[in-house]
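Computation of the quantities below employed the complete heavy-atom set of this structure, encompassing side-chain atoms and omitting hydrogens, waters and symmetry-equivalent molecules. Values in this document were obtained by computation on a predicted structure and should not be read as measured data. Counting starts at 1 for both ligands and their atoms, in listed order.
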Amino acid sequence: MTALIIDTDPGVDDAFAIALACASPDVDLLGVTTVFGNVGLAMTTRNALRVLALYGREDVPVAAGADRPLVYPHPHRARYVHGEDGLGNRADLLPERATGVAGTDAVALMASLLESAAEPVTIVPIGPLTNIALLLAAHPAVRGKIERVVIMGGGVGIGNVTAAAEFNIWSDPEAARRVLVEEDVPTVLVPLDLTHRCTVDGAWLDRLAASGPRGRTLVELIAAYREFYSRNLGIDGSVVHDAVAMAEAISPGLLVTETYPVDVECAPGPARGTVIADRRSAIARDRSGVDGSREVAVAVDADLDAVREFLLSRLSS
Ligand code: RIB
Ligand code: CA
């Protein structure tokens, strides 16, 4: 059993990731925290509640966190990808959850869940890393209760929101740098370089739609997102970034990782939000005076069909 906390900005692919956790019998979903990102905080929070309601999960506590980055204002949302409501303009397909948000904020909820957890917990940030940076700064003692942090973010060779940066990291580079460079908790980073290779095609989506009512709802939810990616990629398909990271969180080792130090560009300008992976040898790094002590496991490869089958088998219902 894997104890999980999801920090999220739903977001169509976030919805698939939350659904994957809800649909996995080997997951103990302790809580869901929300952050600004694809759309504003009020909408990401409402969407998280809705996806949990689709799976009947009135029991999972939800708490809202940061509605803005640590330092500079959020330049823009990702409505052009996720729709005005964050769920492909089809949020109406999902029920409202009877149980609203918990009476606390995201950082306090995460700290409380970690402190009371019997075993270390996997945290799965699939939006900007603001809440995670705040958690580790305000509650350093919880580090010992974190099994690992499995992050969807970064693009080592590609960007999406800019030529060089991926949306989650770009949305709050200072927070990302704190988590990926200055903190020291076991971390897996699942970047665009891999998530783009895990694209699911029209046939995959058709199988999901035919699997049952929840699968059909997810496919209806992804329609506009599928249209964006089909135009963007030139194929009939979608890139379910967050679900790929969630799959690794649930099934450690599903993705192949390489471990190296990373850094995050925080200076204003065209490279802001870029993740720089230092692939040099330890000797070369040492000779250049780099303190390569903090390393991150970067997901670089996978049996792509196995990932797609893992997602489909779990989400089919
Ligand atoms: O760049 C992809 C990431 O940004 C995903 O988490 C997506 O939901 C958006 O938040
Ligand atoms: Ca997301």
Participant: Could you tell me whether a side-chain N or O of S230 sits under 3.5 Å from a main-chain N or O of G237, the two making a donor and an acceptor?
Facilitator: yes
Participant: So which protein heavy atom does atom 8 (O) of ligand 1 come closest to, and at what separation?
Facilitator: D13 OD1, 2.6 Å
Participant: N/O to N/O below 3.5 Å, does that happen between D242 and ligand 1?
Facilitator: yes
Participant: Charged N to carboxylate O below 4.0 Å: is that the case for R197 and D301?
Facilitator: yes
Participant: Report, in ascending order of atom number, the atoms of ligand 1 lying under 4.0 Å from any heavy atom of D14.
Facilitator: 8 (O)
Participant: Show which atoms of ligand 1 fall inside a sub-4.0 Å distance from at least one heavy-atom site of H241.
Facilitator: 2 (C)
Participant: For atom 2 (C) of ligand 1, what is the closest protein heavy atom, and at what distance to 0.1 Å?
Facilitator: E166 OE2, 3.3 Å
Participant: Ring-plane angle category for F228 and Y80, please: parallel below 30°, perpendicular beyond 60°, tilted otherwise.
Facilitator: perpendicular
Participant: Please tabulate, one pair per line, all N/O donor-acceptor pairs under 3.5 Å involving side-chain atoms of residues 215-223, not counting sequence neighbours.
Facilitator:
{"from": "T217", "atom 1": "OG1", "to": "P213", "atom 2": "O", "distance (Å)": "2.9"}

Participant: Could you go step by step and tell me if R178 and E174 meet the salt bridge (Lys or Arg N to Asp or Glu O under 4.0 Å) rule?
Facilitator: CA-CA 6 Å; R178 280 206 51 72; E174 287 77 14; over 6 Å; no
Participant: Count the heavy atoms of every other residue, nucleotide or ligand shown that sit under 6.0 Å from CD of E119, and state whether that count exceeds 12.
Facilitator: no
Participant: Write out the residue and atom name of the closest protein heavy atom to atom 9 (C) of ligand 1, then the distance separating them to 0.1 Å.
Facilitator: N38 OD1, 3.2 Å
Participant: So, regarding G11 and ligand 1 (criterion: nitrogen or oxygen to nitrogen or oxygen, under 3.5 Å), is there a contact or not?
Facilitator: no
Participant: Would you say the ring centers of H241 and F167 fall short of 6.0 Å from each other?
Facilitator: no
Participant: Using a 4.0 Å cutoff against the non-hydrogen atoms of D9, which atoms of ligand 1 qualify?
Facilitator: 10 (O)
Participant: Which ligand 1 atoms, with their elements, are less than 4.0 angstrom from a heavy-atom of I126?
Facilitator: 6 (O)
Participant: Which bit of N160 is near ligand 1, meaning a heavy atom under 4.0 Å away: side chain, backbone, both or neither?
Facilitator: side chain
Participant: Please state whether the rings of W170 and H76 are parallel, tilted or perpendicular, taking 30° and 60° as the class boundaries.
Facilitator: tilted
Participant: Can you find a heavy atom in the side chain of H82 that is under 4.5 Å from one in the side chain of L87?
Facilitator: no
Participant: For the side-chain hydrogen bond (donor to acceptor under 3.5 Å, both in side chains) test, which of N38, T44, T45 pairs with D9?
Facilitator: N38
Participant: Close to the Ca ion (ligand 2), meaning under 3.0 Å, how many protein N, O or S atoms are there?
Facilitator: 5
Participant: Determine, stepwise, if the pair E248 / R148 fulfils salt bridge (Lys or Arg N to Asp or Glu O under 4.0 Å).
Facilitator: CA-CA 11 Å; E248 167 60 29; R148 57 182 190 152; 2.9 Å; yes
Participant: Tell me, which protein residue and heavy-atom name are nearest atom 4 (O) of ligand 1, and how many Å apart are they?
Facilitator: N168 OD1, 3.3 Å
Participant: Any idea which atoms of ligand 1 are less than 4.0 Å away from a heavy-atom of F167?
Facilitator: 1 (O), 4 (O), 9 (C), 10 (O)
Participant: Going from CG on L136 to CD1 on I123, what distance comes out if it is rounded to the nearest 0.5 angstrom?
Facilitator: 7.0 Å
